[in-house]
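Residue numbers begin at 1 in each chain, while the letters A, B, ... track the order of the sequences.
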2 protein chains.
Amino acid sequence: MMATATPRPGGRSARVQQAVHEAVRALLEEHGGDRAALSVPVVAERAGVNSSTIYRRWGDLPRLLAAVASNRMLPEQVEDTGTLEGDMQAWFVPYVEEFSSSLGRQVLRDMLADGAVTRDYFALMQGHVEEIRNLARARGETAPAAQEIIDVVVAPVIYRILFNHESAPELRVRDRIARLLRPEETSADPED
Amino acid sequence: MMATATPRPGGRSARVQQAVHEAVRALLEEHGGDRAALSVPVVAERAGVNSSTIYRRWGDLPRLLAAVASNRMLPEQVEDTGTLEGDMQAWFVPYVEEFSSSLGRQVLRDMLADGAVTRDYFALMQGHVEEIRNLARARGETAPAAQEIIDVVVAPVIYRILFNHESAPELRVRDRIARLLRPEETSADPED
DNA sequence: CAGCTTAATGCAGATTATTCGCTTTAGGTG
DNA sequence: CACCTAAAGCGAATAATCTGCATTAAGCTG
C-alpha cells in the first residue's frame with residue numbers, strides 16, 4: 001500500500017519490508033508508543049535486517065514511521081449499505097475510532113511528518129468520498145459535493161483529533177453526518 | 001512566546017535562545033527550506049553556541065524546529081474593526097497567507113511534529129476566536145459559537161492546507177467567513 | 001533448468017551526531 | 001561585594017549514519 005513502487009516487488013525485497021514494518025509495530029506496542037524507544041539500529045536488529053538497508057530504503061526513522069503509519073491506517077473499503085448516510089457512517093466511523101485514540105493520534109502524527117505520504121493518503125480518502133457520492137447518485141439520492149462532505153465532516157473531525165485531542169464520542173461523527181445530509185430534521189440530537 | 005518557562009528568563013539564557021532561533025531561520029532561508037541541510041551541530045555553530053546546549057534545551061532537532069515554528073507563526077492579535085465579519089477577516093486572513101505558502105506549510109508541519117507545542121498553539125488560536133466572539137456579543141451582534149466558527153472556517157482551511165496543498169486564493173477564506181455569518185445572502189460568491 | 005544480469009542486501013570501516021560528567025560562567029540575591 | 005545556582009561550555013565516550021565494496025537472490029534468456 002502506497003509502497004515504494006519497486007522494480008522488483010516480489011521475493012526478498014517484500015520480505016524485508018514486511019519484517020521491518022512488523023518490527024516497528026511490535027516495538028511501538030512494547031514501549032507504549034514511545035518514539036524515543038525506537039531507533040534505526042533497534043528496528044533493524046528486531047527485523048533481522050541490516051541498518052544500512054533501512055537507511056537506504058526509507059532514508060530515516062521519521063520517514064519509516066510515516067510509511068508504517070500509512071500502511072497501518074489502511075483506508076476502509078467503501079461498502080454499499082443502501083443509503084448515503086449508511087455508507088458514510090460505515091466508511092468514516094472506523095477511521096475516527098482508529099485515529100482518535102491516543103495511539104491513533106500518534107500514528108497520524110507520524111504520517112503527517114512526511115508530506116508525500118500524507119498527500120497520497122488523503123487523496124485516497126478523498127477518492128473514497130467521491131466513490132460514496134457516486135454510489136448515492138446512481139441510486140437516485142441527492143448527495144452533497146465531495147468537497148462539502150470533506151469540509152463539513154472530515155476536516156473538523158481530523159482537526160479536532162489533531163489539535164484538541166478529542167475522543168471518538170466527543171466528535172459526534174454520526175451527528176455530523178446526519179446534519180450534513182438531513183439539515184432540517186437535526187437541530188439538537190446529541191449522540192453520547 | 002510559548003517558550004520554555006525558564007526560572008531565569010533574562011540575560012544569557014534569553015540571548016542563547018534568540019541566537020539559536022535566528023540561526024535556524026537563517027539557515028532555512030539559505031537552503032530554501034530544505035530540512036536536510038540542517039543539523040544540530042550546524043545550527044549550533046551558526047548561533048555561536050555549543051551543541052550540547054541545544055540538546056539540553058530542546059532535546060532534538062524536530063523539537064527545536066517546532067519551537068522556532070510556533071515562534072515564527074506568532075498569532076495575530078485580535079483587532080476591533082467594528083464588525084464580527086471584519087474582525088474575523090482581519091484575524092484569520094493573515095494566518096492563511098502565512099500557512100498556505102509552501103514555506104508556511106513546511107513550518108506548520110514542523111510545529112505539528114511536537115504534540116505539546118501544537119496543542120498550545122491551537123489553544124491560543126481558539127482563545128482568539130472566543131475573544132472575537134465576545135467582542136461581537138458586547139457590540140450586540142449575534143455570533144456563532146466558537147466551536148462552530150472553528151468547524152466551519154478554521155478546520156477546513158487548515159485541513160486543505162495540510163492535506164491538499166491549496167493556495168490562499170483557492171481557500172476562499174473571505175467567502176467561508178461570509179457564508180458562516182450571512183448564510184442567506186451568500187449562495188454563489190466566488191472571490192477569485 | 002543452467003547461466004547471466006542486476007537490484008537489493010550485507011558488511012565493515014569512516015564519519016558524524018548525541019550523550020554525559022565535569023568545569024566554568026554569569027544572573028540573581030542577601 | 002560575595003555567594004548561590006541555573007545554564008552554558010568543553011571534551012571524551014558512545015551511538016547513529018553514511019559509504020564503498022562484496023554478496024545474494026529474483027527475474028530473464030536460451
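- Going from atom CD of B:Q17 over to atom C1' of D:dA6 covers 15 Å, rounded to whole Å.
- In this structure A:D34 satisfies the salt bridge (charged side-chain N to carboxylate O under 4.0 Å, His left out) test with no other residue, sequence neighbours excluded.
- Residue pairs satisfying the salt bridge (charged side-chain N to carboxylate O under 4.0 Å, His left out) criterion with at least one member in residues 97-113 of chain A, sequence neighbours excluded, are listed as follows: A:R35-A:D110.
- Sequence neighbours left out, the pairs with a member in residues 138-147 of chain A that pass salt bridge (charged side-chain N to carboxylate O under 4.0 Å, His left out) are A:D80-A:R139, A:D87-A:R139, A:R139-A:E141.
- Between A:M73 and A:L108 the shortest heavy-atom distance is CE-N, 4.4 Å.
- The CD1-C1' distance, from A:I54 to C:dA8, rounds to 14 Å in whole Å.
- Sorted by first then second residue, the salt bridge (charged side-chain N to carboxylate O under 4.0 Å, His left out) pairs that include residues 150-165 of chain B, not counting sequence neighbours, are A:D151-B:R160, A:R160-B:D151, A:R176-B:D151, B:R160-B:E166.
- Applying a 4.0 Å cut-off to non-hydrogen atoms, the residues of residues 31-43 of chain B that approach DNA chain C are B:S39, B:V40, B:P41, listed by residue number.
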Atom pairs under 3.5 Å: protein N/O with N/O of nucleotides 9-14 of chain D:
residue : atom : partner : partner atom : Å
D:dG9   : OP2  : B:N50   : N            : 3.1
D:dG9   : OP2  : B:T53   : OG1          : 2.6
D:dG9   : N7   : B:R56   : NH2          : 3.1
D:dG9   : O6   : B:R56   : NH2          : 2.9
D:dC10  : N4   : B:S52   : OG           : 3.2

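- At whole-Å resolution of the value, CD in B:Q18 and P in D:dA8 are 14 Å apart.
- Among pairs with a residue in residues 20-30 of chain B, those fulfilling salt bridge (charged side-chain N to carboxylate O under 4.0 Å, His left out) read B:E30-B:R46, at least two apart in sequence or across chains.
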Only pairs under 3.5 Å count here: list side-chain donor-acceptor contacts from residues 123-135 of chain A, not counting sequence neighbours, and write none if there are none.
residue : atom : partner : partner atom : Å
A:H128  : ND1  : A:E76   : O            : 3.2
A:H128  : ND1  : A:W91   : NE1          : 3.3
A:R133  : NE   : A:P144  : O            : 2.6
A:N134  : ND2  : A:E130  : O            : 3.3

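- Computed from coordinates, the A:R15 CZ to C:dG10 C1' distance equals 14 Å when rounded to whole Å.
- One can place CH2 of A:W58 at 17 Å from C1' of D:dC18, the figure rounded to the nearest angstrom.
- Identified under the ring-ring contact (aromatic ring centres under 6.0 Å, His included) test for residues 161-182 of chain A, with sequence neighbours left out: A:Y159-A:F163, A:F163-B:F122.
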